[in-house]
Protein chains: 2
Amino acid sequence: MSIEQSRKLTIYDLARLAKSSPSTVSAVLNGTWQQRRISRKLARRILDLAEREGYSTNMQARALRRDRSGILGMILPLYDNRYFSSIAQIFEAEARRRGIFAIVSCTNRDPDQEREAARMMLAYRVEHLICTGATNPDVIAEMCSAAGISSLNLDLPGTAAPSVISANREGARRLTDALLDRLEARKIDSTRVLFIGGRAEDHNTRERIEGFRHAHERRGLITNPTDIVPCDYAAEKAQAALEAYVDREGRLPAAMFVNSTISLEGIVRWLRLGGHNMNEIIMGCFDWDPLAAAFHPRLIMMRQDVPTMIARLFDWIDTPPEDPTVRLEVMPEIVGNPMGNRVAE
Amino acid sequence: MSIEQSRKLTIYDLARLAKSSPSTVSAVLNGTWQQRRISRKLARRILDLAEREGYSTNMQARALRRDRSGILGMILPLYDNRYFSSIAQIFEAEARRRGIFAIVSCTNRDPDQEREAARMMLAYRVEHLICTGATNPDVIAEMCSAAGISSLNLDLPGTAAPSVISANREGARRLTDALLDRLEARKIDSTRVLFIGGRAEDHNTRERIEGFRHAHERRGLITNPTDIVPCDYAAEKAQAALEAYVDREGRLPAAMFVNSTISLEGIVRWLRLGGHNMNEIIMGCFDWDPLAAAFHPRLIMMRQDVPTMIARLFDWIDTPPEDPTVRLEVMPEIVGNPMGNRVAE
DNA sequence: AATAGTTGCACAACCGATTGCGCATTCATA
DNA sequence: TATGAATGCGCAATCGGTTGTGCAACTATT
């Protein structure tokens with residue numbers, strides 16, 4: 001590595017230093033030198049020189065000429081829960097493994113920011129754009145298709161691009177089953193099982209509600225409409241919604257299906273503040289957080305299978321699906337201690 | 001917005017459509033048209049056309065010519081705790097506010113990945129590189145300076161670039177003070193206060209240990225070396241370290257200073273698994289997580305002041321500090337319920 | 001009417017890579 | 001020794017913007 005350069009080294013500089021030509025240097029550095037019948041000797045010399053001088057190829061120039069940026073883009077609502085942060089981490093790791101550059105932008109569940117971020121990514125000519133949990137994936141998909149760039153949906157499905165999502169309905173059914181099993185085991189009446197959190201207008205929440213209903217139906221139980229409270233995700237909303245529910249019913253629900261860790265935060269806070277014993281109430285959460293699991297080992301959590309979801313995404317990046325609007329569901333799994341053996345109170 | 005184009009529209013296309021020239025179109029689109037004395041009328045026409053046709057500037061071409069990418073880079077150890085995820089979110093939000101594109105790459109506290117990510121960022125010619133929590137910030141700073149790109153350190157300080165960090169020592173002193181106050185209030189003997197988590201070789205942990213010691217000293221208390229256990233951050237490490245500590249001492253510590261939420265996870269898990277009552281033991285955590293706060297309202301948490309830290313960073317991006325190795329400390333604050341009034345058990 | 005200044009725009013040379021093509025050597029074959 | 005093929009490399013155009021410079025046409029001044 002040489003001392004600081006005033007200007008960055010280019011292939012023209014290297015060509016001069018190596019007494020060769022820019023095209024040869026280029027071929028050597030991007031690995032096409034064999035096809036161009038550059039001698040091994042010259043290639044070595046140029047590579048050594050580049051190494052010694054600390055050359056790094058200008059990706060803007062390469063991208064411009066190749067008309068491929070070498071960048072993969074992803075937009076994401078937030079980083080601050082385990083689900084989305086692991087999506088970002090695994091996505092980046094896989095991209096890095098392939099020598100592609102991944103850029104992730106978080107858009108705060110805000111349609112304007114989503115559009116703005118997508119516009120930026122398209123301006124930088126990302127090769128694919130992954131829309132994760134977009135409020136309206138189809139808007140982004142259309143921007144991409146207008147720009148001639150392929151897009152993929154993750155977490156929330158769209159109708160204009162291939163989507164990988166969790167098997168929300170079946171997952172919710174299983175989680176609900178686990179709750180009902182515990183109620184049975186403890187011989188507690190299975191009415192007043194509360195579904196709380198999420199947005200009624202988003203696909204995942206609707207599917208999870210269906211699964212919740214279905215689990216009840218299969219046992220001949222009915223679900224009361226007032227037991228389904230998609231009060232949005234925010235902790236404060238969940239907290240207020242639980243308070244309202246308890247006021248109306250006059251007592252705690254027998255069990256709760258909490259639709260995300262962020263909602264869980266509000267639920268737990270309300271229970272704590274109200275002096276309720278966390279262990280009196282059977283809880284499941286459609287999401288996973290190891291810190292929550294540590295604090296409440298009897299909490300049933302659904303862990304979405306992020307590695308598989310990302311793997312499917314990359315499959316599609318490698319070979320685009322025949323059906324451009326295909327929707328693939330990946331099963332999440334229950335983690336922890338589903339039967340709720342007592343640990344410590 | 002027009003129908004899908006086979007190839008992206010360029011300023012040459014627009015020039016043809018507007019019966020003008022590429023240089024004029026360029027000037028209009030990048031806002032320099034006034035200086036170039038383009039008539040308002042022509043500018044309007046070109047802008048309308050660009051809008052109608054869905055033109056978007058090819059940032060690679062722009063970056064190549066301008067020799068400025070318009071990108072700000074950040075490397076980050078992880079996304080999956082509240083501290084780092086808020087760093088990423090606030091950094092991106094501020095960049096977006098300024099119309100700059102922020103790209104964040106997470107490197108898993110792995111020096112190789114850090115170097116690799118930095119190399120990528122430099123190849124894409126980021127205008128500044130922010131190194132957050134890098135295992136060795138100086139390595140990255142030197143890569144940057146060799147490439148003629150300015151770098152800044154966040155969270156962990158370096159000696160080769162300006163650094164913004166938390167006031168770890170003073171923050172730790174205050175957190176320790178809060179722990180000792182509670183012990184006093186409960187009339188519990190103040191020996192066997194355990195410092196656990198973090199890496200002895202990293203600056204922040206060393207500083208926090210100093211603060212921990214200092215708080216004791218000021219009360220005339222001594223700190224036993226065996227009460228300081230920088231067993232690394234990982235939950236499993238903390239869990240094992242606590243187990244070893246308790247084995248040796250024959251009982252639980254009277255209070256614990258837990259050096260991060262990730263370590264806290266291990267601590268809490270161990271306590272739960274061992275059937276210990278979480279409330280018997282006074283705990284502080286040098287980090288903040290609202291879910292943990294919900295589960296354990298009496299846990300004392302230090303919240304690092306990320307918005308201020310990021311703001312200082314951008315100050316330096318705007319006007320580089322005179323002293324290129326300046327180190328700025330931002331005070332974190334205790335959140336929650338420092339005096340530990342009982343809420344719910 | 002001649003001159004100077006202003007207005008409005010286009011030309012063309014870049015930025016740093018990539019890549020089709022062509023030319024000079026060397027080597028093998030007849 | 002002539003011919004064709006293989007080897008090894010450089011030329012120059014190109015990607016899509018940016019920007020210094022130049023040149024008409026028009027306006028104001030004397």
Side-chain angles (χ1 to χ4, degrees), chain A residues 5-47 50 53-71 122-125 127 147-148, chain B residues 5-47 50 53-71 122-125 127 147-148:
Chain A
Q5 287 110 23
S6 47
R7 298 198 79 276
K8 279 292 277 184
L9 220 62
T10 70
I11 52 169
Y12 298 91
D13 302 320
L14 289 181
R16 207 162 16 73
L17 292 172
K19 303 205 187 311
S20 173
S21 76
S23 57
T24 301
V25 173
S26 170
V28 168
L29 293 174
N30 68 34
T32 58
W33 57 277
Q34 321 243 25
Q35 303 151 45
R36 296 192 133 254
R37 297 190 312 240
I38 310 297
S39 68
R40 182 170 304 276
K41 203 174 112 231
L42 180 54
R44 256 278 50 89
R45 189 151 53 88
I46 291 176
L47 283 171
E53 300 291 331
Y55 170 83
S56 101
T57 92
N58 183 323
M59 297 307 258
Q60 324 285 357
R62 166 175 293 177
L64 176 59
R65 182 56 237 243
R66 285 204 181 149
D67 201 22
R68 299 193 302 110
S69 60
I71 303 179
L122 293 178
Y124 280 95
R125 303 295 189 266
E127 297 184 19
Chain B
Q5 286 109 25
S6 49
R7 297 199 81 274
K8 279 293 277 182
L9 218 63
T10 71
I11 54 169
Y12 297 92
D13 302 320
L14 290 181
R16 207 161 15 74
L17 292 172
K19 302 206 186 310
S20 173
S21 77
S23 58
T24 300
V25 172
S26 170
V28 167
L29 293 174
N30 68 34
T32 58
W33 57 278
Q34 321 243 24
Q35 304 151 45
R36 295 191 137 254
R37 298 190 311 241
I38 310 297
S39 67
R40 183 169 304 277
K41 203 174 113 232
L42 180 54
R44 258 274 53 87
R45 189 150 53 86
I46 290 175
L47 283 172
E53 300 291 330
Y55 171 83
S56 102
T57 305
N58 183 325
M59 297 306 261
Q60 322 286 355
R62 165 174 293 177
L64 176 59
R65 183 57 239 240
R66 284 204 179 148
D67 202 21
R68 300 192 302 108
S69 61
I71 303 179
L122 293 177
Y124 280 95
R125 301 298 189 264
E127 298 184 17

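Everything quoted here is computed from the prediction, not taken from an experiment. Throughout, protein chains are lettered first and strands after them, A, B, ... in sequence-line order, and every chain is numbered starting at 1.
Fit an axis to the five pairs at each end of the helix from dA1(C)-dT30(D) to dA30(C)-dT1(D) and the two axes sit 50° apart, to the nearest 10 degrees.
Evaluation of the salt bridge (Lys or Arg N to Asp or Glu O under 4.0 Å) rule for Arg68(B) yields Glu127(B) as partners, not counting sequence neighbours.
Using modelled atom types, one finds a donor on one side chain and an acceptor on the other under 3.5 Å when comparing Arg125(B) with Ser56(A).
In this structure, Asn30(A) reaches the dT18(C) phosphate: one of its side-chain N or O atoms is under 4.0 Å from OP1 or OP2. When the side-chain nitrogen and oxygen atoms of Thr24(A) are compared with OP1 and OP2 of dC9(D), none of them lie within a distance under 4.0 Å. Between Ser26(B) and the phosphate of dT18(D), there is a side-chain N or O to OP1/OP2 separation shorter than 4.0 Å. The shortest distance between the side-chain N/O atoms of Ser20(A) and the OP1/OP2 oxygens of dC9(D) is not below 4.0 Å. Between Ser21(A) and dG10(D) there is a side-chain polar atom (N or O) within less than 4.0 angstrom of OP1 or OP2. Within the 4.0 Å cut-off from OP1 or OP2 of dC9(D), not a single side-chain nitrogen or oxygen of Ser23(A) is found. Here Tyr124(B) does not reach the OP1 or OP2 of dG16(C): none of its side-chain N or O atoms lies under 4.0 Å away. Contact check, Tyr55(B) against dG17(D): a side-chain N or O comes under 4.0 Å of OP1 or OP2.
Rounding to the nearest 0.5 Å gives a distance of 9.5 Å between CG of Leu42(B) and CG of Leu47(B). Ile71(B) contributes atom CD1, which lies 4.5 Å from atom OH of Tyr124(A) (distance to the nearest 0.5 angstrom). Between Leu64(A) atom CG and Arg66(A) atom CZ the span is 12.0 Å, to the nearest 0.5 Å. Within the model, atoms CD1 of Ile46(A) and CG of Leu17(A) stand 10.5 Å from one another, a figure rounded to the nearest 0.5 Å.
Atom OH in Tyr12(B) sits about 12 Å away from atom P in dA12(C), given to the nearest Å. Between the CD1 atom of Ile46(B) and the C1' atom of dT18(D) there is a distance of 15 Å, rounded to whole Å. Distance, Arg68(A) CZ to dG16(C) P: 21 Å, rounded to whole Å. Rounded to an integer number of Å, the gap from Met59(B) CE to dC15(C) C1' is 16 Å. When rounded to the nearest whole Å, the span between CG of Asp67(A) and P of dT18(C) equals 14 Å. Between the CD1 atom of Ile11(B) and the P atom of dA10(C) there is a distance of 12 Å, given to the nearest Å. Counting to the nearest Å, the C1' atom of dT19(C) and the CZ atom of Arg66(A) are 11 Å from each other. As a whole-Å value, the separation of Arg62(A) CZ from dT14(D) C1' is 16 Å.
Between Ile11(B) and Tyr55(B) the shortest side-chain heavy-atom distance falls below 4.5 Å. Residues Asn30(A) and Thr57(A) are not in side-chain contact: their nearest non-hydrogen atoms beyond the backbone lie 4.5 Å or more apart. Leu14(A) is listed as a side-chain neighbour of Leu29(A), based on a closest heavy-atom distance under 4.5 Å.
Using a 4.0 Å heavy-atom cutoff across all strands shown, Leu29(A) reaches no nucleic acid atom at all.
In this structure, Ser21(A) and Ala15(A) approach most closely via the heavy-atom pair C-CB, 3.5 Å. Shown here for Ala63(B) and Ser69(B), the closest heavy-atom pair between the two residues is CB-CA, 3.7 Å.
For the pair Arg45(B) and Asn58(A), both in contact range of DNA chain C, the more 5′-proximal nearest nucleotide belongs to Arg45(B).
Which of dT18(C), dA17(C), dT18(D) sits closest to the side chain of Ala61(A) comes down to dA17(C). You'll find that the side chain of Arg65(B) is closest to dC14(C), out of dC14(C), dA17(C), dG10(D). Ranking dG16(D), dT18(C), dG17(D) by closeness to the Thr57(B) side chain, first place goes to dG17(D).
Taking a 4.0 Å limit (strictly below) on heavy-atom distances, residues 32-41 of chain B reaches DNA chain C at Arg36(B), Arg37(B), Ile38(B), Ser39(B).
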